[in-house]
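All residue numbers in this chain count up from 1 along the given sequence. Every value quoted in this text rests on a predicted model; they were computed, and no experiment measured them.
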Amino acid sequence: MLLIMRHLESEKNISKRFSSVDDEEYLTQEGIQQGDYIANAIFKFVTSNNLSVSHIYCANSKRAQLTASLIAEMLNVNVKSFDNLRSNNSGELKGKSESEAWSLNPIFMKQLRLFRAGIYSSYDFIKVEKREDKREFEKRVMECIHNILTTDKSSLQIIVLHHSSLTALIIYFARKYYHYPDSFYGHVACDLGNIYLINEKEILLCNETAKALLEIKI
């Protein structure tokens, strides 16, 4: 079983910026407070279903690591972070606000707006200087996830991700089990701190708050 969670609210989210070069954005106070509740809900889900958890895995960014640490402390396990789970490299837009990005590359931003509306594939984005190729991004994320899932023999793996890497993973499962097209890469909804829960071939929870975990009996 796999629990995928988007990191909690960070300074980056408040300022609506693309990921920075160093990924050192800390959680906001609201994010930390939300994390205490989420960690407790995950703990109750794990214990009530007699699940085993060996580590909390996450992207190698401050916001993902801090989110993972809140859960790890509640479950008394360690955090393992991976550089290959970081966000899609934004190239020349790194650290820029969305208003700045509109000035730098309005065509890309128009396409991004359509992508967020669910009607545009990010495979079709115009080239942004030094921006990571989407298919190469998918490859590095999925190789890392595959290594985690094949080496961790616990009954539940918990992974804290950014929106972009979470999208890559959910689209992978959607293609594998739900006939999602190979040629399209669309928007996947996941609010800050929300989760997806996947059990074998079934996605049990989609973009739900941690509270929904308390109603799941395995």
Side-chain angles (χ1 to χ4, degrees), residues 2 4-21 23 25 28 31 58-61 63-64 67 82-145 159-198 203 205-209:
L2 177 61
I4 312 161
M5 175 180 167
R6 188 179 176 191
H7 65 78
L8 297 162
E9 183 184 78
S10 71
E11 298 163 354
K12 167 192 175 296
N13 305 114
I14 292 295
S15 60
K16 295 185 178 180
R17 292 181 178 274
F18 289 89
S19 296
S20 65
V21 175
D23 261 338
E25 293 87 0
T28 64
C58 68
N60 190 20
S61 70
R63 58 192 183 277
T67 300
F82 298 88
D83 189 61
N84 279 346
L85 294 180
R86 284 190 181 220
S87 293
N88 199 166
N89 187 320
S90 302
E92 67 176 2
L93 300 181
K94 273 187 177 181
K96 298 289 190 299
S97 67
E98 293 200 3
S99 59
E100 291 172 326
W102 273 101
S103 297
L104 283 170
N105 199 324
I107 296 176
F108 172 79
M109 292 303 294
K110 288 177 183 177
Q111 293 174 338
L112 180 61
R113 183 171 59 188
L114 294 173
F115 168 77
R116 288 171 173 170
I119 57 176
Y120 196 84
S121 172
S122 64
Y123 286 152
D124 297 329
F125 281 160
I126 65 164
K127 181 70 175 177
V128 174
E129 187 68 23
K130 297 182 180 180
R131 184 173 185 269
E132 185 176 14
D133 176 78
K134 182 61 69 176
R135 288 182 172 83
E136 289 300 314
F137 166 72
E138 283 185 273
K139 181 180 177 181
R140 72 161 164 89
V141 169
M142 291 313 307
E143 285 180 349
C144 187
I145 296 291
I159 309 178
V160 177
L161 297 170
H162 304 140
H163 199 176
S164 59
S165 46
L166 184 149
T167 295
L169 182 52
I170 294 301
I171 286 179
Y172 166 82
F173 283 113
R175 286 175 176 154
K176 190 171 184 180
Y177 302 128
Y178 298 114
H179 311 294
Y180 192 96
D182 290 336
S183 59
F184 191 83
Y185 193 99
H187 177 75
V188 170
C190 194
D191 298 329
L192 293 164
N194 277 12
I195 61 171
Y196 280 76
L197 184 66
I198 301 169
I203 299 180
L205 297 176
C206 299
N207 189 25
E208 298 277 0
T209 65

Should [X] and [Y] count as side-chain neighbours, where that means a heavy-atom distance under 4.5 Å?
X: Leu161; Y: Thr167; answer: no
X: Leu104; Y: Lys96; answer: yes
X: Asn60; Y: Phe82; answer: no
X: Phe173; Y: Leu2; answer: yes
X: Thr209; Y: Ile195; answer: no
X: Thr67; Y: Met5; answer: yes
X: Ile170; Y: Ile198; answer: yes

Of all residues at least two apart in sequence or in a different chain, which pass the side-chain contact (heavy atoms from CB on, under 4.5 Å) check with [X]?
X: Ser121; answer: Tyr123, Asp124, Phe184, Tyr185
X: Asn89; answer: Lys94, Glu132
X: Ile126; answer: Asn105, Ile107, Phe108, Gln111
X: Asn207; answer: Ala189, Cys190, Asp191, Asn194, Tyr196

For the student: nearest non-hydrogen atoms of [X] and [Y], plus distance:
X: Arg86; Y: Ser165; result: O-CB, 4.3 Å
X: Arg6; Y: Asn13; result: NH2-ND2, 4.0 Å
X: Ala64; Y: Ala59; result: CB-O, 3.5 Å
X: Gly193; Y: Leu8; result: CA-CD2, 4.0 Å

(request) Carefully, step by step, assess Leu93 and Arg131 under the rule side chain to side chain contact (heavy atoms under 4.5 Å, CB included). (result) CA-CA 8 Å; Leu93 300 181; Arg131 184 173 185 269; 5.8 Å; no

Euclidean distance, [Y] [atom2] relative to [X] [atom1], rounded to 0.5 Å:
X: Cys58; Y: Leu85; atom1: SG; atom2: CG; value: 8.0 Å
X: Ser10; Y: Leu192; atom1: OG; atom2: CG; value: 7.0 Å
X: Glu136; Y: Arg140; atom1: CD; atom2: CZ; value: 10.0 Å
X: Ile171; Y: Ser122; atom1: CD1; atom2: OG; value: 7.0 Å

(message) Suppose the criterion is salt bridge (Lys or Arg N to Asp or Glu O under 4.0 Å): which pairs have a residue in residues 104-118, not counting sequence neighbours?
(response)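 Salt bridge (Lys or Arg N to Asp or Glu O under 4.0 Å) check on residues 104-118 returns Glu98-Arg116.
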
(message) Treating Glu100 as the side-chain partner and Ser97 as the backbone partner, does any N or O pair qualify as donor plus acceptor under 3.5 Å?
(response)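 Between the backbone of Ser97 and the side chain of Glu100 there is a qualifying donor-acceptor contact (under 3.5 Å).
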
(request) Would you confirm whether Thr28, through its side chain, and Gly31, through its main-chain N or O, come within 3.5 Å as a donor-acceptor pair? (result)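 Yes; judged by distance alone, with no hydrogens or angles, the pair exists.
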
(message) Checking His163 now: which residues fulfil ring pair (Phe, Tyr, Trp, His ring centres under 6.0 Å) with it, not counting sequence neighbours?
(response)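 With neighbours one apart ignored, the set is His187.
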
(request) Using the test salt bridge (Lys or Arg N to Asp or Glu O under 4.0 Å), find all partners of Glu9 that sit at least two apart in sequence or belong to another chain. (result)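 With neighbours one apart ignored, the set is empty.
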
(message) Among residues at least two apart in sequence or on other chains, which ones pass salt bridge (Lys or Arg N to Asp or Glu O under 4.0 Å) with Glu11?
(response)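 Here no residue qualifies.
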
(request) Any chance you could lay out the side chain to side chain contact (heavy atoms under 4.5 Å, CB included) test for Phe115 and Phe125, step after step, and finish with the verdict? (result) CA-CA 9 Å; Phe115 168 77; Phe125 281 160; 3.7 Å; yes

(request) Report the C-alpha distance between Tyr178 and Ile203 in whole Å, list the side-chain angles of each, state the deciding distance to 0.1 Å, and finish with yes or no for side chain to side chain contact (heavy atoms under 4.5 Å, CB included). (result) CA-CA 10 Å; Tyr178 298 114; Ile203 299 180; 3.7 Å; yes

I'd like to check the side-chain hydrogen bond (donor to acceptor under 3.5 Å, both in side chains) partners of [X]; sequence neighbours left out, ordered by chain and number.
X: Ser87; value: Ser19, His162
X: Lys134; value: Asn88
X: Ser103; value: none

